[in-house]
Student: 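Right, I'll just put the structure down here and ask away after.
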Amino acid sequence: MTRATYKEEGRRPDLQLRDLLVDLASSDCDFVVIGSSALAIQGWDVAPTDLDLMTCSTEIDPIKRWLGIHEDDTPWVQDGEASRLECTTDRGPVDLYLEVSGDLTYDQVARDAIAVVLGSSALSVRVGSLDHVRDMRAAVGRDAMPAGAVAPAAKQGAPKVVAIDGPAGAGKSTVTRAVARRIGFTYLDTGAMYRSVTLAVLERRADTDDANAIARIASGVDIGFRDDRVFLGDRDVTGAIRAADVTEVTPHIAAYPEVRTAMVERQRQLFTEGSFVAEGRDTGTVVAPDAPLKIYLTASPEERARRRSLETGEPLQRVLGALEERDRLDSGRRLSALKVAEDAVVLDTTGRSIETVVDEIVGLAHERGIV
Ligand code: DC
């Protein structure tokens, strides 16, 4: 498998592809890949012809020189909305894409790229997220995934993640806990992490509109899980994070990019340490895009409100209003919005018993060889 490495220098919105290439040229790596080849970096086995490099016209010459490309006899072809040059290089075949339209500029990819830690914690790669990969491939008229790509989690021995995402009140907590127990994986409640950050923010009386203060708190909090309890440092906050004010403020705090980056990093770290059934909003789309089983659990708003109202004793109409507001915030935020992963199995739990839903998910886990 081809690997690329890049020394982590923190998030660099100004990062230029040329700088990255020059850096890579002098480091111990095979090549730099942006685009579908990000999959290779993320641990997918992809055919070498799937190596794409996306750039803009001002960067093209140094990149071609660096790759040793002499394009005299190779014409650029119009491919969807981009120009593409299929090159043979001594690093293998590389497709160069120029001026991919829309938001898919290199800057955009660099800005929103996810750092993925590889093997040693000292090294990481900077690649577009799986969503970028899909968007970019779609922009140039290609399938979402390279043909024959094999998810790393499907390989034997790797820790596995079953991702269970969906809106509030769909039954995620009960179902996720039960599935984890049945298949012997660890249960992870990612919502509890965002709630814990919010609790810390409220307790410190930080200004919830002060992005810097929120970022500092999110990167400093020590969130732990032991015996189904949630801890902030040494303090058991399992009950406190369910308080009404925490529930109300959490969607706002969870929308800060710095908060998401800190939580996603922590979740990915946990996922390297064992096999999990994780519930959340973006587990299958952002945190673990290569999870071998993704479930999107949903139910009608009325059913979800009815369940919450039975649980908390609050009037149904009030619960329904609050739930629709949270759905709106969770689905509308710019980063990691609640959405169905392309390869998720959608399960509507309206009118279904917990047992039948759990049975179905456990059945899928067996079918896919996860357990
Ligand atoms: O699942 P929950 O109700 O405990 O989630 C609390 C809030 O945190 C909810 O507003 C959505 C947000 N959240 C999130 O943004 N990303 C996650 N992975 C999990 C929860």
Side-chain angles (χ1 to χ4, degrees), residues 114 129 131 161-177 179-180 187-202 208 214-215 217-218 221 223 225 228-230 232 237-271 276-289 291 294-299 301 304-305 307-309 311-312 314 319-341 344 349:
I114 298 174
S129 70
D131 279 348
V161 176
V162 174
I164 303 190
D165 293 310
K172 287 195 306 292
S173 295
T174 319
V175 168
T176 307
R177 255 179 230 283
V179 171
Y187 164 67
L188 179 68
D189 176 4
T190 61
M193 299 174 74
Y194 290 94
R195 286 172 178 272
S196 299
V197 174
T198 305
L199 179 67
V201 167
L202 295 178
T208 53
I214 306 296
I217 293 174
V221 285
I223 303 168
F225 295 92
D228 259 6
R229 313 288 301 172
V230 186
L232 255 186
V237 293
T238 314
I241 59 169
R242 304 278 152 200
D245 57 341
V246 176
T247 301
E248 195 187 319
V249 179
T250 303
H252 299 283
I253 301 299
Y256 280 106
E258 295 83 356
V259 174
R260 301 216 71 84
T261 304
M263 295 304 111
V264 168
E265 237 168 58
R266 176 90 181 95
Q267 288 158 31
R268 289 197 178 136
Q269 179 58 39
L270 283 169
F271 291 165
F276 283 85
V277 185
E279 65 159 297
R281 302 292 191 285
D282 58 349
T283 321
T285 51
V286 174
V287 187
K294 300 176 188 176
I295 304 291
Y296 187 87
L297 214 59
T298 187
R304 294 191 282 126
R307 291 176 189 164
R308 272 283 147 101
S309 162
E311 213 175 271
T312 62
E314 282 179 90
V319 178
L320 182 60
L323 199 126
E324 284 175 339
E325 172 64 5
R326 275 176 71 194
D327 282 358
R328 195 182 61 75
L329 290 170
D330 289 345
S331 309
R333 67 170 169 248
R334 195 177 69 79
L335 276 176
S336 299
L338 172 64
K339 63 179 176 200
V340 186
T349 64

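Order of appearance sets the numbers: ligands from 1, and atoms from 1 within every ligand. This is a predicted model, so every value here is computed, not measured.
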Student: Using a strict cut-off of less than 4.0 Å between a Lys/Arg side-chain nitrogen and an Asp/Glu carboxylate oxygen, indicate whether Asp330 and Arg281 qualify as a salt bridge.
Tutor: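 Between Arg281 and Asp330 there is a salt bridge, with a charged N closer than 4.0 Å to a carboxylate O.
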
Student: In order of chain and number, which residues sit within 4.0 Å of ligand 1 by heavy atom?
Tutor: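 Close residues (ligand 1, cut-off 4.0 Å): Thr190, Gly191, Tyr194, Arg195, Arg242, Thr250, Pro251, Ala254, Arg260, Gly280, Arg281, Asp282, Arg326, Asp330, Arg333.
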
Student: Of Glu314, Glu311, Glu324, which is the lone residue that meets side-chain contact (heavy atoms from CB on, under 4.5 Å) with Val319?
Tutor: Glu314

Student: Kindly state each residue pair satisfying salt bridge (charged side-chain N to carboxylate O under 4.0 Å, His left out) with at least one member in residues 237-263, sequence neighbours excluded.
Tutor: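 The answer is Asp189-Arg242, Arg260-Asp282.
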
Student: Can you name the side chain to side chain donor-acceptor pair (under 3.5 Å) partners of Asp228, sequence neighbours left out?
Tutor: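 Listed in chain order: Arg177.
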
Student: With sequence neighbours excluded, tell me which residues meet side chain to side chain contact (heavy atoms under 4.5 Å, CB included) with Arg328.
Tutor: Glu325

Student: Between Lys172 and Leu297 (side chain of the first, backbone of the second, donor and acceptor by atom type, cut-off under 3.5 Å), is there such a pair?
Tutor: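 Flag not set: sc Lys172 to bb Leu297 has no pair under 3.5 Å.
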
